[in-house]
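Structure, as structure tokens:
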Amino acid sequence: QVQLVESGGGLVQAGDSLRLSCAASGRFFSNYAMGWFRQAPGKEREFVVGISRSGGSTYYADSVKGRFTVSRDNAKKMVNLQMNSLKPEDTAVYYCAARERLLYSGTAHDYDYWGQGTQVTVSS
């Protein structure tokens, strides 16, 4: 089992950057593929990026490709999401999620553990 806590959200202007972090507790963090999802008001939760257990494989949603970068440090049990060139449409609550598989999934239902989320608001 793993517990997840996100941090780093905030209010920024369009074009700014933010770095989100997801701290995990529990055993065997390196057994979990991780994903970042986001949910804007009135919209369904959407996939942002996934990273494999080792960190060697990643996959980005088209909407964030080239602007967001995911990384993980298994020794520190951390997953980070560097978000650059933020746009107002990036405004959402961002969640990290874990699944005990080699690879990530783009489907929220495939993840077993979720953090509480962190709010990101991008003003125009």
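Here the structure is a predicted model, which means the values were calculated and not measured. Numbers here are sequence positions counted from 1.
Between the side chain of Thr107 and the backbone N or O of His109, no donor-acceptor pair lies under 3.5 Å. Side chain of Thr118 to backbone of Gly9: a donor-acceptor contact under 3.5 angstrom is found. Listed for the Gln3 side chain is no donor-acceptor partner under 3.5 Å among the backbone atoms of Ala24. Judged by distance alone, with hydrogens and angles left aside, the side-chain atoms of Asn84 form no donor-acceptor pair with the main-chain N or O of Thr69 at under 3.5 Å. In this structure a side-chain-to-backbone donor-acceptor pair under 3.5 Å is missing from Gln82 to Arg19. Not one N or O on the side chain of Asn74 forms a donor-acceptor pair closer than 3.5 Å with the backbone of Lys77.
Counting only heavy atoms from C-beta outward, the side chains of Gln1 and Arg27 never approach each other to under 4.5 Å. Contact annotation: the side chain of Ser123 approaches that of Gln13 to within less than 4.5 Å [non-hydrogen atoms, C-beta and beyond]. In this structure, Arg53 and Phe28 have side chains that are not in contact, with every pair of non-hydrogen atoms separated by 4.5 Å or more. Within the 4.5 Å cutoff, no side-chain heavy atoms of Arg38 are placed close to those of Tyr95.
Glu100 meets the salt bridge (charged side-chain N to carboxylate O under 4.0 Å, His left out) test with no other residue; sequence neighbours excluded.
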Task: Stepwise side-chain contact (heavy atoms from CB on, under 4.5 Å) check, Cys22 with Val5 - done: CA-CA 5 Å; Cys22 175; Val5 178; over 6 Å; no
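Checked against the 6.0 Å centroid threshold, Tyr104 and Phe47 do not count as a close aromatic pair.
We find the OG-NZ distance between Ser63 and Lys87 to be 8.5 Å, quoted to the nearest 0.5 Å.
Between Gly115 and Glu6, the shortest heavy-atom contact is CA-OE2, 3.2 Å. Nearest heavy-atom pair across Gln119 and Val93 is OE1-CG2, 3.2 Å. When all heavy atoms of Met78 and Ser21 are compared, the closest pair comes out as CE-CB, 3.6 Å. The nearest pair of heavy atoms linking Tyr111 to Ala33 is CE2-O, 4.3 Å. Closest approach of Pro88 and Ser124 over heavy atoms only: CG-CB, 3.8 Å. Annotation for Ser85 and Arg67: closest pair O-NH1, 3.0 Å, computed over non-hydrogen atoms.
Using a 4.0 Å cut-off between charged nitrogen and carboxylate oxygen, Asp62 and Lys65 count as a salt-bridge pair.
A donor and an acceptor atom, one from each side chain of Ser105 and Asp110, are located under 3.5 Å apart. Side-chain atoms of Glu89 and Thr91 form no donor-acceptor pair, as typed in the model, at a separation below 3.5 Å.
More than 12 heavy atoms of other shown residues, nucleotides or ligands fall within 6.0 angstrom of atom CD in Gln116.
Residues Val2, Leu4, Val12, Leu18, Leu20, Phe29, Tyr32, Met34, Trp36, Val48, Val49, Ile51, Tyr60, Phe68, Val70, Val79, Leu81, Met83, Leu86, Tyr94, Tyr113, Val120, Val122 make up the rest of the hydrophobic cluster containing Val64, defined by ILVMFWY side-chain heavy atoms closer than 4.5 Å, directly or through other members.
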